[in-house]
Amino acid sequence: MTDDELTASRRDILKTGAVAGVGLGGGSGVLSTLQPADESGEAVDQVTSFLGEDQVVKTACGPNCRGDCPLDVFVRDGQIKKTEQQVPAASEFKRGCTLGISHVQRAYNAKRLKYPMKRASWSPDDPQPGARGEDAQFERISWSEALDLVAEQIQTTKGEYGPESVYWHAGSGSQGTSGYGRLKQLVGGIQDSFVYGIDTNVGQGFNRITGEGGVFMPPTNTVEDWANADTLIIWGSDIFASQFQMDAEWILDAKRNGAKLVVVDPMYTNTAEKADLWLPIRPGKDTHLALAMMNYIFENEVYDDTFLRQRTNAPALVRVDDGTLFDPTRVSDNPPDGGIVVMNEETSEPNVVGAETGGPFALFGEWTIDGVAVRTGLAALREQASEYQPADVAEVAGLSVADIKTAADWLATRGAGGILPAYSVGRYLYGHVFGQAYATLMALTGDYGRHGNVHAQHPSYGGPSLQTGDWGNPEGGVSLDTYGYQEILSLLENGDPVQPRFLYGTNSNMLGNQFPNRERWLNAMESLDTIVWADMYHTPTTQQADIILPAAHWFETEDVLGSDHHPNIRYREQAHEPLWEARDDYYIMAGIAERLGHGDKFPDDKREVLDRFVQNDDRLSWEQLRENGTVETDETPTVAYTDAFGTESGRITVYDDDAPTEKGPGLPDEGISLEVPEPLEARTADDWEAQNEYPLVFMQKHSKWRIHSQWANVPWLREVNREPQLDIHPKDAEQRDISDGEYVLVHNDRGSMVVRAKYNEGIQPGLVNTDQGWWAEDFVEGHYQDPISAETADVGRTFAFYDCRVEVERAAEEYQSNQYTQDNPRGTAGSASGGD
Amino acid sequence: MTENTPTATDHSTGDPRPSIADTFGTLAVCWREPSEGWVDAIESGRFEWLDGVETFGDLDELRVEYTRLFIGPGRDQCPPYESVYRDGADSDDLGPVYGPTTQAVARWYDEYDLRLRDSRSAPPDHIATELEFAAYLSANEDDSVLEQFLNEHLREWVDQFVAHLRENDPGPFYRALIRRTTEAINS
Amino acid sequence: MGQAWNRVLTVGGDHVDTPEGSYPEDGDGGTLEMSYQPTACQHCENAPCVKVCPVNATFTREDGIVEIDYDKCIGCRYCMAACPYNARVFNWEDPQHVPEEGTGDVEERPQGVVEKCTFCSHRVEEGLDPSCVVNCPADARIFGDFDDENSTVSKYVAEYDTHQLLDDKGTDPKTYYIQGEMSPGRPWKGKELEEELDEEPTAEEPADVTGDESVSGAAANPTGGDD
Amino acid sequence: MTEESRPHHEPIPEWDEIADEILEGCGYDPDLGKRMAEDAIKIANGELTEQEFHERYHEEVKAEFGTDDRPTKPEGFDD
């Protein structure tokens with residue numbers, strides 16, 4: 001409520017009151033909310049015919065599924081009626097999923113956040129953080145009051161405790177132009193980052209030895225090129241469930257062209273069902289398998305020797321005594337930057353060579369140079385791989401020897417190959433070693449820089465980035481200290497090195513989704529005096545907030561968006577104004593900026609900002625965006641890794657002489673150095689200390705019914721996927737006297753949850769699974785994050801969601817009757833109860 | 001105004017029975033969010049006939065209660081919109097806002113050339129807006145029209161709405177309001 | 001969600017998205033299998049539902065779509081008993097869509113009538129693909145004119161193994177299930193598929209199915225989809 | 001396959017129960033509905049002609065529904 005509105009409503013109420021008291025002055029005298037059309041000037045949202053013409057609004061979906069799907073929204077009489085996939089300018093990227101076409105139920109969810117609110121027990125002078133939680137009560141406040149409070153709290157917090165006590169948190173829940181990044185640079189403070197903390201294992205392992213990519217999935221050939229693959233290994237990803245709207249179809253194209261599809265997964269998934277060869281691996285044994293495949297490749301000499309000589313440091317000479325690379329200056333007075341010493345087989349002399357240089361270099365062998373014993377890096381790798389005979393690994397990993405060999409053989413000998421991991425293997429504590437292992441495996445088979453090579457389950461496109469000028473880096477902005485998520489917890493708990501006091505959170509339902517060991521976070525957050533949260537829905541995370549800001553649904557905003565995963569720049573036309581008092585995030589940011597003296601950096605009208613983007617980018621015109629919804633960017637299918645690698649040598653370091661030493665649970669105190677891939681395991685290890693007490697490994701896979709925790713509150717989807725369940729093999733269930741459909745207690749020494757058991761013949765005995773993304777209120781008791789440790793390893797620094805062991809037992813009788821089994825589930829469960 | 005427009009309550013003569021339009025008009029006010037102006041209206045004594053409405057107590061507390069029951073954000077909320085109780089997949093689930101019944105209500109308003117003062121702030125099938133419209137109909141149209149509107153709308157959902165509300169522990173003011181509202185629309 | 005005109009069944013375990021069979025022990029010998037079967041009205045050539053309707057409310061249109069005249073339907077449900085595909089549902093409840101015209105997309109079905117998938121005849125008449133085809137994320141559904149040998153459906157059925165559900169019953173459904181390794185289908189109006197199946201692109205304009213003898217739907221079974 | 005949506009007539013004994021369920025309380029003769037349903041499949045299978053089907057049930061349908069507008073009516077069929 002703005003002040004104006006308050007005045008208006010007060011006047012209206014008095015008018016109505018007067019009517020009730022003194023009699024009806026006229027036909028319309030009882031009206032306050034309604035008014036005669038002739039007084040309203042231009043009729044707004046006038047209902048004409050219900051069968052009126054559809055207006056097709058071009059817009060776009062924008063969660064973190066990487067689909068970047070352009071959508072058509074059909075609006076009739078001012079209301080959104082349905083959503084369809086839009087045919088974009090680059091039409092082969094027409095896409096959209098069950099979730100995208102369910103948006104009408106997100107926009108019109110009766111439990112959307114409607115008005116700004118503050119926790120009733122919170123006040124600037126007496127924040128009472130202990131009163132947060134399930135029982136917290138809220139009261140509606142006006143936008144001006146809410147923004148005043150946020151701005152004042154930022155000011156006071158900075159004044160009292162210094163700028164680093166202002167903590168900015170953003171998840172990945174929404175794409176769009178909000179000005180969030182701009183504002184935080186103008187205001188200062190600290191920020192958190194996925195780097196490190198969440199899903200940063202596989203990518204960093206790959207990056208360490210290739211110098212390519214970051215901590216998430218590495219670059220890969222664009223999807224149009226996937227059809228050229230001869231072998232595809234989907235490793236720990238259910239792409240046909242989690243990315244079926246976009247990347248899965250290209251896999252089928254490859255298959256139709258004759259590619260062999262291998263799926264490595266402990267669960268018989270939608271994706272495993274499509275495989276020519278399914279490797280039902282035991283949880284945590286992925287690096288073992290990669291090494292066994294390398295073993296096969298060495299033994300059968302089916303490695304790509306040309307590639308190894310030219311583009312990797314396989315021929316680099318390594319000192320036998322300390323494992324370091326032989327010093328180039330001992331061979332050449334003027335060695336090239338990053339040059340490696342190799343043994344020239346023709347001259348039997350050591351040479352120093354730079355990047356991208358092949359030649360008759362020995363791949364194996366031992367020599368003594370200047371009295372120093374050396375061997376090749378590849379020899380060290382081969383020695384490591386020799387420890388992982390397929391027969392042994394088959395036993396450890398629960399696989400057949402023949403299948404291991406077939407997978408390796410297909411990858412090495414059938415032509416262009418690809419390995420498509422996702423983030424799952426990185427959800428083990430030491431999952432980065434798998435990143436190193438598969439990057440190394442693909443180096444052996446020469447699968448970089450060729451048509452048909454695939455290195456990740458989703459491709460990235462650089463072209464459709466928006467050219468936003470200085471929008472992301474405003475003049476006068478400061479850079480903020482960044483802490484990985486795994487560090488934030490200790491900041492909150494220990495105040496070291498800084499103690500956050502004020503938190504602005506957006507695009508995120510971390511307490512409902514990606515913060516392991518939930519109780520620890522809830523306690524740690526009591527050190528915050530003020531928590532401000534912007535969202536479309538009331539999530540388990542906004543329940544912890546002191547000030548709640550209702551954000552607009554995507555269809556209620558106007559925006560211009562790049563696309564990371566297909567060559568279309570997308571336009572969002574506004575389907576209608578935000579409902580109730582929800583607001584575009586931009587207006588929230590601009591409102592705070594104005595109050596903090598940065599109003600000049602945020603034009604009143606967001607359109608002005610978008611206009612700058614469009615004017616700034618030769619490829620774009622408003623006309624084209626509005627007409628088509630998308631603008632195709634000029635990109636031809638690209639092959640990744642055609643140039644020198646980003647490592648110091650420009651080569652893939654199949655032998656990493658500069659390897660870090662990993663330390664953490666299950667490892668010797670001195671740690672393990674990772675020159676070559678070494679399978680490291682924590683809780684999945686066969687000899688893990690608590691494995692008898694907690695024998696089952698607990699995984700939380702992505703499902704096709706949610707993107708992270710979004711869409712959990714959509715009735716159409718809840719009709720099919722009603723409640724959190726535990727996939728459990730009937731064998732494991734029967735051992736525990738658990739019948740199909742009974743409620744079970746899943747627990748370990750950290751926490752527990754109660755969910756319904758779902759017999760699944762396709763899940764490996766010894767493994768259980770609850771799909772991720774359920775909200776706290778969806779559980780009969782507890783939450784799937786409760787049993788998961790928030791501990792991270794020295795090198796990995798990544799939350800290990802799947803590195804979790806639990807025991808499962810039939811839940812107590814009182815839980816067998818609950819919100820899902822009672823006749824009237826309204827309010828706690830069922831389709832409309834919310835929860836994301 | 002038609003011939004048989006009900007007359008207003010005449011407090012000076014002490015007639016305790018308000019007109020139907022007054023009743024619905026007053027109920028509409030009571031279902032709006034409490035504010036200072038709202039308190040003034042309630043305290044003016046004009047609503048005395050509405051037993052229990054003066055039991056609202058402290059305004060701040062009532063606003064917290066109103067937020068909890070009708071705005072959210074938590075699980076206790078009972079969104080006061082018709083479509084939520086009529087357009088869901090089944091009667092046990094909360095349906096959407098802006099459902100087909102919302103359209104149907106909007107058509108009634110349209111038929112009488114009435115518009116929402118602020119069309120975007122809330123869907124038109126808010127209980128207060130429907131009651132206000134019922135007041136308008138009773139002031140301006142034959143009883144049969146009001147009956148038709150009540151039958152097509154308020155009587156179709158208010159029982160479910162208040163049942164849901166009762167499950168979420170309303171205080172004395174809203175308990176009284178529920179009682180008076182269901183009496184009014186069902187009489 | 002109201003009435004289900006279209007269900008995607010998991011052919012496998014007892015639960016959605018679960019297989020049946022045994023998990024391979026030590027990597028060997030498993031028998032797990034799972035697939036999906038989208039099941040809606042099959043629009044049979046010899047539709048038993050049409051034959052049993054005492055009041056001729058269920059009828060086969062000129063173009064082959066089996067439809068129901070809701071004004072005629074007396075709700076005896078004989079057609080539901082006769083349908084071997086369990087494709088029909090009875091409207092037990094009052095219509096949920098209060099505006100009398102229906103949703104604006106499909107007409108209102110009053111309480112007490114039987115309803116089912118219409119192949120989105122209201123869209124087909126406008127030259128559009130049925131909604132399930134347009135919205136299938138996996139492009140697993142193809143719709144078109146089976147009398148037109150150049151249509152996408154015709155080409156798919158010609159190229160791949162197909163089967164009809166319960167073909168021993170002689171109902172001759174106009175819905176074909178395609179098997180084999182294949183690219184996802186493309187909607188009727190796109191020309192990508194024609195380019196893929198034979199080297200020469202064919203005419204872009206969609207065939208006029210409404211005037212033709214039969215309209216056909218096909219669901220490419222192995223390409224996934226959702227349940 | 002998910003229980004609630006298994007196609008019926010396969011196996012037939014199960015269909016019998018499902019048909020009973022469908023027709024229970026339909027307001028018309030459930031037995032007639034079941035017999036007609038089974039025979040309608042026989043037409044599709046070629047075990048029965050439309051004419052035979054029409055004639056077999058004509059009297060019963062007329063008695064039950066007061067009319068027989070089935071499309072199976074043979075040419076020149078006389079009520």
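Chain naming here is simple, since letters A, B, ... match the order of the sequence lines and numbering starts at 1 in each. None of these values were measured; they are calculated from a predicted model.
- Listed here is the closest heavy atom pair of A:Arg76 and B:Gln103: O-NE2, 4.3 Å.
- Nearest heavy atoms, A:Lys111 versus B:Arg75: NZ-O, 3.9 Å.
- Rounding to the nearest 0.5 Å places OG1 of B:Thr102 at 9.5 Å from OH of A:Tyr108.
- Listed by chain and number, the residues in a ring pair (Phe, Tyr, Trp, His ring centres under 6.0 Å) with A:Trp122 amount to none (sequence neighbours excluded).
- A:Trp580 has its side chain within reach of B:Val97: a pair of non-hydrogen atoms, C-beta onward, lies under 4.5 Å apart.
- With a 4.5 angstrom heavy-atom cutoff, B:Tyr112 does not touch chain A via any of its atoms.
- Interatomic distance, B:Glu33 CD to A:Tyr115 OH, rounded to the nearest 0.5 Å: 7.0 Å.
- At a 4.5 Å heavy-atom cutoff, the contact between B:Pro79 and chain A is made by side-chain atoms alone.
- Taking CD from A:Glu139 and CD from B:Glu65, the interatomic distance works out to 13.0 Å, rounded to the nearest 0.5 Å.
- Listed by chain and number, the residues in a side-chain contact (heavy atoms from CB on, under 4.5 Å) with A:Gln128 are A:Arg119, A:Ser121, A:Asp126, A:Ala131 (sequence neighbours excluded).
- The contact between A:Leu113 and chain B is made entirely by side chain atoms (from C-beta outward), counting heavy-atom distances below 4.5 Å.
- For the pair A:Ile548/B:Pro73, a side-chain contact is recorded, criterion being any heavy-atom separation below 4.5 Å from C-beta on.
- No side-chain donor-acceptor contact under 3.5 Å links B:Arg68 to the backbone of A:Gln137.
- Here the CD1 atom belonging to B:Ile71 is positioned 5.0 Å from the CZ atom belonging to A:Arg140, to the nearest 0.5 angstrom.
- Residues B:Glu132 and A:Leu34 come closest through the heavy atom pair OE2-N, 2.9 Å.
- Your options are A:Met117, A:Lys114, A:Gln543, and the one with the most heavy-atom pairs under 4.5 Å with chain B is A:Met117.
- If you take NZ on A:Lys81 and OH on B:Tyr98, they are separated by 11.5 Å, rounding to the nearest 0.5 Å.
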